[in-house]
Amino acid sequence: MTNTTAAPTGGYRDMNRLMSLMTGDEKHGPAATSTLDALWVLYGRVLRVAPGTVDAPGRDRFLLSKGHGPMAYYAVLAAHGFFAEELLSGFGAYDSPLGHHPDRTLVPGVEIGSGSLGHGLPLAVGSVLGLRARGLTDPRVWVLIGDAELDEGSNHEAIAYAGPAGLEQLHTVVIDNASASYGRPGGIAARFEAAGWSVDSVGGRDHEALYAAFTAPHPGHPRAVVARVDPKY
């Protein structure tokens, strides 16, 4: 796919329609819908990236680690004009750029290929370090992970490194829909706090609470927002 953009299609109320255009047995509906509100707030009010700036050095980077359920991600990208909504109906087809896992070489605005759990947060840490090495300290790196990804050791290595390293440009959104196999003493937020992160827990459907948590100052520390959603969705 070339970086051809389209006009924005509508507001949040249009999300159900856009997501309904994507069908098939492998759409991972609950995994996708659990991320919808966080993605909507990020792209609508927080991320400094647009269809015309997907290659700009100063853009914010958003990494979808929870890439095995990308329907909401594709719908939000289409709604904000990154590509035409007509592509949504081909989701998962052999000749469609919108695969069951996002592909950064095919979809405008996608920063990483994802779907294998546990890689996004380490990649986000590396992205921040790469930006620093280039003298780019203003762009922010955001990564969205699922709570079950915290069963992967690679994420805990990234958490343990980022806090003491003071990676202030790093922001992690954890979608907590109670799908993890292993609990943690004190919950997910406590794991990040123990490693020196700035942390907040909010309702994952509350747009104003999400926005406040996403934009709270956290000088000298990476930021983690745990977004709780109903386990059924």
Side-chain angles (χ1 to χ4, degrees), residues 1-44 47 49-51 54-55 61-121 123-124 142-149 151-152 173-181 204-205 227 229-233:
M1 177 188 285
T2 60
N3 283 356
T4 301
T5 60
T9 62
Y12 178 77
R13 293 181 179 179
D14 203 32
M15 287 298 97
N16 284 338
R17 181 186 67 83
L18 292 177
M19 291 182 68
S20 71
L21 297 176
M22 291 172 276
T23 60
D25 293 336
E26 299 298 324
K27 63 184 181 179
H28 292 283
T33 55
S34 67
T35 68
L36 176 60
D37 296 273
L39 288 168
W40 182 258
V41 174
L42 282 171
Y43 274 90
L47 290 174
V49 64
V54 293
D55 295 317
R61 276 74 169 167
F62 173 78
L63 283 58
L64 180 70
S65 187
K66 190 177 166 67
H68 59 289
M71 283 201 316
Y73 185 40
Y74 291 153
V76 169
L77 288 175
H80 285 88
F82 285 85
F83 56 81
E85 72 167 75
E86 287 75 18
L87 291 173
L88 296 175
S89 60
F91 168 68
Y94 177 77
D95 59 349
S96 172
L98 305 183
H100 293 128
H101 294 178
D103 187 328
R104 67 176 299 274
T105 68
L106 297 178
V107 186
V110 172
E111 297 281 356
I112 61 170
S114 59
S116 298
L117 299 182
H119 297 311
L121 183 50
L123 286 168
W142 290 80
V143 58
L144 187 149
I145 70 175
D147 58 334
E149 290 192 83
D151 293 341
E152 305 287 342
V173 182
V174 184
I175 301 298
D176 180 11
N177 57 1
S179 62
S181 298
R205 304 296 186 194
V229 299
D230 190 301
K232 296 181 292 184
Y233 302 102

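Residue numbers start at 1 and run along the sequence shown. Excluded from the calculations below are hydrogen atoms, water molecules and symmetry mates; all remaining heavy atoms, backbone and side chain alike, are included.
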Ser20: side-chain contact (heavy atoms from CB on, under 4.5 Å) partners, not counting sequence neighbours: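 Checked Ser20 against side-chain contact (heavy atoms from CB on, under 4.5 Å); zero matches.
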Residues forming a side-chain contact (heavy atoms from CB on, under 4.5 Å) with Leu21, sequence neighbours excluded: Arg17, Leu18, Glu85, Leu88
State the [atom1]-[atom2] distance between [X] and [Y], to the nearest 0.5 angstrom.
| X | Y | atom1 | atom2 | value |
| --- | --- | --- | --- | --- |
| Asn177 | Thr35 | CG | OG1 | 10.0 Å |
| Leu42 | Asp37 | CG | CG | 11.0 Å |
| Ser34 | Arg205 | OG | CZ | 6.5 Å |

Parallel, tilted or perpendicular: ring planes of Tyr74 versus Phe83, cut at 30 and 60 degrees: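 Perpendicular: the ring planes of Tyr74 and Phe83 meet at over 60°.
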Partners meeting side chain to side chain donor-acceptor pair (under 3.5 Å) with Ser114 (sequence neighbours left out):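 For Ser114 there are no side chain to side chain donor-acceptor pair (under 3.5 Å) partners, ignoring immediate neighbours.
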Those residues that, when tested against Phe62, pass ring-ring contact (aromatic ring centres under 6.0 Å, His included) (two or more places apart):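 Here the qualifying residues are Tyr43, Tyr73.
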All pairs passing salt bridge (Lys or Arg N to Asp or Glu O under 4.0 Å) where residues 89-115 contributes a residue, at least two apart: Arg59-Glu111
Residue among Leu98, Val107, Leu77 satisfying side-chain contact (heavy atoms from CB on, under 4.5 Å) with Leu87: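 It is Leu98; the other options fail the test.
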Any Val229 side-chain heavy atom under 4.5 Å of Ile175 side chain: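 Answer yes - side chains close enough.
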Least distance between heavy atoms, Glu149 atom then Ser65 atom: OE1-OG, 2.6 Å
